[in-house]
Every structure is written in C-alpha cells, then in structure tokens.
Amino acid sequence: MNIFLTGATGLVGGELLVTLSRRSEINKIYCLIRSKTKEEATVRLQNVFDLHEDYFDKSKVVPVLGNLFDDDLTESLSKDAYLSEVDVIIHSAANTSFSRFNDDAVEKANIGGLTKILLWAKALPHLKTFLYIGTATIVGKDVKDRVIHEDESPNIDATHLVKYTYTKMKGELLIREHLQKEQILIARPSIIMGDSRPIIPRSPVILWAMATINHLRLIPVNEHAQLDIIPVNYAAEAIVKLLFAKRKYSVYHISSGEAGATTALKLSKTLEAYFDEMPPFNFIDKSLLNQVKHWTKGKLQPDSELYTYREYLDYWKESFPDKSKLRILFSGLDPYLDFMELGHVFDNTRLLEDVHIANSVPADIYIASSMSFVEKLDILEGAIDP
Ligand SMILES: NC(=O)c1ccc[n+]([C@@H]2O[C@H](COP(=O)([O-])OP(=O)(O)OC[C@H]3O[C@@H](n4cnc5c(N)ncnc54)[C@H](OP(=O)(O)O)[C@@H]3O)[C@@H](O)[C@H]2O)c1
C-alpha cells in the first residue's frame with residue numbers, strides 16, 4: 001500500500017502518520033507539507049515523530065512540498081512520477097477555524113484545496129481508497145439533544161453554526177461528484193480533545209476551550225447537554241483500523257457514542273478535583289452570555305440578572321484586571337458553547353461492528369491525566385484564533 005497523506009503536521013494527521021508508519025503493510029507514506037524546502041519539511045515531520053519519541057523511518061515517510069492554496073497543486077502532484085503509485089489517499093488537511101474572520105481561508109482550503117486534490121486523485125491509475133477525514137458536526141444545528149446516525153448527513157438544507165462545518169459538508173458532496181462509490185471512505189470524527197495516554201497531547205486545540213472554562217468558572221452553557229468527545233489516539237487507532245477493515249459502509253462516525261459520552265458537569269468535576277483552590281463551577285443559561293459581554297464593556301444595566309452572581313464578577317475582576325481580555329476569552333469561547341448546547345451524540349454502532357475496537361473512555365475520565373498540561377496552557381493566546 002502506498003499512501004498520500006495531507007495534514008500530517010496537524011492534531012489528527014500527526015497521530016495518523018505515526019500510527020500508519022508502524023503498519024508493515026504500508027510501503028510509502030507521502031506527506032503533503034507546506035514548507036519551502038524538503039529540509040524544512042523533513043524537520044516538520046521529524047517533530048511529529050519526536051513528540052512522543054516515535055521512530056521516523058525516512059525511507060517510508062516522504063515529504064511532498066505543496067499547499068492547498070497553490071493554483072498549480074493538481075498539476076504539480078500529477079507531474080510527480082513517484083506519486084503515480086499511490087493507491088490510498090487520506091485527506092486530513094483542513095482549515096478548522098471557527099472564527100468568521102477566517103471564513104474565506106476556510107472555504108479556500110476546505111473546498112478549493114479539496115477540489116485540487118480530487119482532480120489529481122481521479123486520474124491516478126491505482127486509486128483504491130480516498131479516505132476523507134470529515135466531521136460529524138456537519139449535521140448542523142437544527143438537530144438537538146439526541147443520537148445522530150451517519151445517514152442524516154450530508155444534508156444540503158442543514159444550517160451551520162460556523163463556515164467550517166458547512167465546508168466540510170460540501171466536501172463530502174464534492175467527493176461523491178468526482179470519485180467512484182467504491183473508492184470513497186468517509187470517517188467523521190466527533191470532537192477530538194487531548195490524548196488518553198499520560199503524555200503531552202499533540203495539540204492544545206479544544207483543550208484550550210476546557211482550560212478557558214476552567215479559568216472562568218461561571219459558564220453560560222447547559223451543563224447536562226451530552227458531549228461526544230474522543231481522544232486523538234482513539235481517533236487515529238479507529239481510523240487506521242477502519243482503513244484495513246472489511247467494511248459494510250462508506251461513512252463511519254468516529255465517536256464516543258452514548259456509552260462514552262460526557263457532559264460539561266462531569267468535566268467540571270474532574271477539573272474541580274485538580275484545581276481545588278478555585279471557585280466552584282456554576283452553570284448559567286446561555287442567554288446570559290450577552291450580559292457577560294455587556295459587563296466586560298462596563299455597559300450592564302444595574303438590574304441585570306448577572307449581578308446575582310456577584311462573587312464570580314468579583315473573581316473575574318481579580319483574575320482579569322483588564323476586562324478586554326475577558327471579552328476576548330468569551331468571544332473565542334462563544335462558538336464552542338454553541339456546539340456544547342447542541343447535545344449531539346454520534347452513533348458509533350457501525351464503527352464498533354466493523355472495526356475491532358472498544359468504546360472510547362469518557363472524556364471526564366481520560367482527561368484527568370492531562371491536567372498538568374491544561375494548567376500550563378496560555379488561554380489568551382488560544383482565544384485569538386479559536
Ligand atoms: N480536531 C477535531 O476536533 C476534529 C473533529 C472532527 C473532525 N476533524 C477533522 O480532522 C481533520 C484534521 O483536523 P485537525 O484537528 O488535525 O486540524 P489541525 O490540527 O488544525 O491540522 C490541520 C492540518 O492541515 C494542514 N493544512 C491547513 N491548511 C493547509 C493548506 N492550505 N495547505 C496544506 N496543508 C494545510 C495543516 O498544516 P500546517 O501544519 O502547515 O498548518 C495541518 O497539518 C480536519 O479535516 C478536520 O475537519 C477534526
């Protein structure tokens with residue numbers, strides 16, 4: 001098997017790369033890396049392996065220079081004679097930003113970039129499988145508080161909280177337009193946060209949201225809404241096993257399902273046990289977020305409900321003497337709170353049936369081993385580009 005992998009320097013792609021590199025059935029893993037030189041790209045790949053002291057086999061893992069934004073990406077991949085032996089493509093690269101300031105870049109990478117990869121892929125002489133790393137959240141915001149099945153997406157009429165999920169939905173439709181049915185495999189992870197092993201997590205993404213929630217303590221979100229969260233090592237193991245499995249379907253949730261789901265309340269208990277000197281968590285209605293924003297601007301009406309929580313406002317004043325920082329944190333957190341409110345649980349029956357893997361451990365349990373890392377996260381830095 002000769003694989004072409006995009007997104008190898010990212011949270012999911014990095015873990016996929018390390019997991020794939022251990023499989024003896026794989027001959028080469030060509031990795032699309034956006035670097036100026038082969039040397040720089042090799043250093044970036046080395047960093048992926050070095051993080052957890054994994055072996056980087058340079059005869060097996062080969063960098064290919066390229067950017068999803070390159071106008072000539074399709075042509076440059078087609079011209080590379082080595083790549084004509086590729087029989088599996090794993091497309092994990094994406095712009096995953098929730099910020100509307102990045103909407104254009106999100107569309108350009110996730111739709112434009114994917115189109116360029118597909119135009120190259122469809123002309124490959126030996127392509128067996130195009131594995132697209134999608135996202136279960138493409139189901140949109142109309143569905144709430146229930147278990148969701150793979151067949152409910154992609155739904156062109158779904159409404160989206162952020163451009164990112166819309167582009168991932170469009171991506172699935174594009175793949176169906178360009179490739180043959182038997183070539184398509186879509187893995188839709190739910191929310192990926194941290195690692196369940198007691199090692200430094202591959203990326204602070206999503207953990208940032210939890211660390212921010214931990215600092216704020218008064219949180220406008222429904223603490224009982226179900227959260228489908230999995231660790232990155234589980235996601236990579238499931239996806240790689242899926243690639244080698246005898247499959248009955250072309251679309252699979254990579255998720256916690258009902259058995260492994262958690263809630264904000266359960267996560268808060270894990271956080272409280274470690275950060276026991278901080279105020280206890282208090283969850284309030286999401287509608288109060290606007291009052292929080294007004295308070296940070298010094299414009300909150302005196303009779304507002306938020307003043308019922310005066311001890312938290314005092315705590316915030318002490319922790320964030322510059323209220324504009326608090327405003328930045330809540331703006332960054334806002335889309336995460338919206339996703340948390342949806343109460344989505346993604347059915348994982350297909351995955352468990354076709355792949356020999358156990359249910360994922362609930363996030364409130366596995367995340368306990370990442371607390372010292374959560375403690376060190378710079379929450380303001382993460383808030384700039386959520
Ligand atoms: N994280 C989650 O919770 C989650 C959940 C469900 C699905 N997913 C899906 O999983 C996939 C990977 O996400 P992730 O969390 O690993 O994201 P990530 O950590 O942000 O990594 C994104 C990867 O894509 C690459 N990339 C971005 N723009 C590119 C461009 N213009 N040209 C070439 N490469 C580019 C990045 O390269 P650089 O290192 O050069 O920036 C990086 O390797 C995505 O398709 C996402 O939709 C993620």
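Here the structure is a predicted model, which is why all the values come from computation and not from measurement. Each ligand, and each atom within it, is numbered from 1 in the order the structure gives. For this chain, numbers begin at 1 and follow the sequence in order.
- When the heavy-atom distances from atom 42 (C) of ligand 1 to Leu17, Thr9, Ile254 are ranked, the shortest goes to Thr9.
- Within the 4.0 Å heavy-atom shell around ligand 1 one finds Tyr164.
- Within the 4.0 Å heavy-atom cutoff, Ser190 counts among the residues contacting ligand 1.
- In this structure, Arg44 is part of the shell of residues with a heavy atom less than 4.0 angstrom from ligand 1.
- Under the 3.5 Å distance criterion, with hydrogens and angles disregarded, no donor-acceptor pair is assigned to the side chains of Asn155 and Ser153.
- Taking distance alone, with nitrogen or oxygen atoms compared against 3.5 Å, Leu32 stays at or beyond that limit from ligand 1.
- Within the 4.0 Å heavy-atom shell around ligand 1 one finds Gly134.
- For ligand 1, none of its N or O atoms has an N or O atom of Asn95 under 3.5 Å away.
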### side chain to side chain donor-acceptor pair (under 3.5 Å) between Thr135 and Thr137, intermediate numbers included
CA-CA 5 Å; Thr135 172; Thr137 52; 2.7 Å; yes

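- In summary, Asp338 and Lys286 engage in a salt bridge, as defined by a charged side-chain N under 4.0 Å from a carboxylate O.
- Note: His160 and Tyr166 have perpendicular aromatic rings, judged against thresholds of 30 and 60 degrees for the angle between ring planes.
- Residues Gly194 and Pro201 share a closest heavy-atom pair of CA-CB, 4.1 Å.
- For Val205, the heavy-atom gap to ligand 1 stays at 4.0 angstrom or more.
- Of the protein's heavy atoms, Leu11 N, 2.9 Å lies nearest to atom 19 (O) of ligand 1.
- Taking all atoms of both residues into account, the shortest heavy-atom contact from Asn67 to Leu73 is O-CD2, 3.7 Å.
- In this structure, Arg197 pairs ionically with Glu15, as a charged nitrogen and a carboxylate oxygen lie closer than 4.0 Å.
- For atom 3 (O) of ligand 1, the choice among Ile230, Asn47, Ile192, Leu114 with the nearest heavy atom turns out to be Ile192.
- Checked by distance only, ligand 1 and Gly7 come closer than 3.5 Å through their nitrogen or oxygen atoms.
- With hydrogens and angles left out, the side-chain atoms of Asp354 and Tyr252 include a donor and acceptor closer than 3.5 Å.
- Nearest protein heavy-atom neighbour of atom 25 (C) of ligand 1: Ala93 CB, 3.8 Å.
- Nearest residue to atom 27 (C) of ligand 1 from Gly113, Gly13, Ala94 is Ala94 (criterion: closest heavy atom).
- Among the atoms of Arg34, some N or O lies under 3.5 angstrom from an N or O of ligand 1.
- What sits closest to atom 10 (O) of ligand 1 on the protein, heavy atoms only, is Ile133 CG2, 3.4 Å.
- If you chain together hydrophobic residues whose side chains sit under 4.5 Å apart, Leu32 and Phe69 never meet in one group.
- Annotation for Leu337 and Leu289: closest pair CD1-CD2, 4.4 Å, computed over non-hydrogen atoms.
- Any N or O atom pair closer than 3.5 Å counts here, and Ala109 shares no such pair with ligand 1.
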